[in-house]
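Here the structure comes first, spelled out in structure tokens, and everything after it is commentary.
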Amino acid sequence: MNRAVDLLHGLVYTISDLHGEWEPYARYRDHFLTLLQEGLADHFVILGDMIHGYGLPEDDYSLDILLDLIQLRNELGGETIIPLLGNHELMHIYSTPYSKGNVSFLPRFEHMLGDYRGVVIDFLHSLPFVVRTAAGVMLTHAGASTLTATPQAAEWLLSLSHEAVLREVDRLLSRSDVLELLASYGQITGKEYEQLAREQLAVTGPDDPRYYDLLRGFIATNLEPEWDLLEEFFFTQAERRFGSATYSRLVEQFLDAFSPPGMPQRVLVAGHIAVSGGYDILANRQIRLASWAHAHPKSEACYLIFDAAEPVNAAADLEPNIYPIP
Ligand SMILES: [Mn+2]
């Protein structure tokens, strides 16, 4: 498994975090397709968190966006259409509940899947984690963190098979007393396991082949170091914990760890965190891009386009390449 897409040339059109909002998605997508036809863009990268609306269920177009991306990637290929994995997609690979405010993200999307489950979950399993470019600009969902900024962590993440982690979960499960685990899961959550599995994952009952998936997710989150690395890579908000000088060194180490031989990565572009306006420049090493959900106000939402072959040395060099939502 190779979780990095390496681009040596071509114009890279980049957006972040759409969180199930169809209209901005369609605007960015249509603009990309026009630019592609005109020879003014070659790669469409989405920095993860395509899914999970923060608003009402009826306004949540998460499934439509993924189905559209699946079709686009089938038509145009994985070098042209490059959605990356974000923390919101990750939880449907491992069946791990996650909420913010009043919204429980896992069950809403799981109940949406219906007959599309197989194709959608396969698609999530296939998503790359990073794009690296000859320009020295690396694209990913969240940002740098201490645990992931080592060559060993980078190597593990870049060759990760989710199936292998889930097989490890099953190995542990096969050596456990499942009934006892179900009972303790119920004790922790205050609800019967079966009720939770129905609510969270839309399973039909104990005969459903996915009946134990919620329990598998619970075991997965206790795997060390696997889950710690996944959690830090996809959920990190390290920039909020560290001062600018420390975070700058951390981004440098992170980029070094993820650089392929002969193609040093010098600038990081990520989404994941709200910004005031449409983007932030962090320690002149990182651009925090907000293409919709994390832009404040939304009218400042923006995308980035840059040449994968043209060397970039500092985050500020990319500022002229940032444009408002089309
Ligand atoms: Mn995120």
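Whatever order the structure lists them in is the order used to number ligands and atoms, beginning at 1. What you see below is based on every heavy atom in this structure, not just the backbone, and it leaves out hydrogens, waters and symmetry mates.
- The aromatic rings of Phe32 and Tyr13 are tilted relative to each other, their planes meeting at an angle between 30° and 60°.
- One of the N, O or S atoms belonging to Asp49 lies under 2.8 Å away from the Mn ion (ligand 1).
- With ring centers used as reference points, Tyr28 lies 6.0 Å or more from Trp292.
- Here Phe235 and Tyr98 bring their ring centres to under 6.0 angstrom of each other.
- The N, O or S atom of His272 with the smallest distance to the Mn ion (ligand 1) is ND1.
- Under the 3.5 Å distance criterion, with hydrogens and angles disregarded, a donor-acceptor pair is assigned to the side chains of Asp68 and Tyr25.
- Within the 2.8 Å limit, His141 places at least one N, O or S atom next to the Mn ion (ligand 1).
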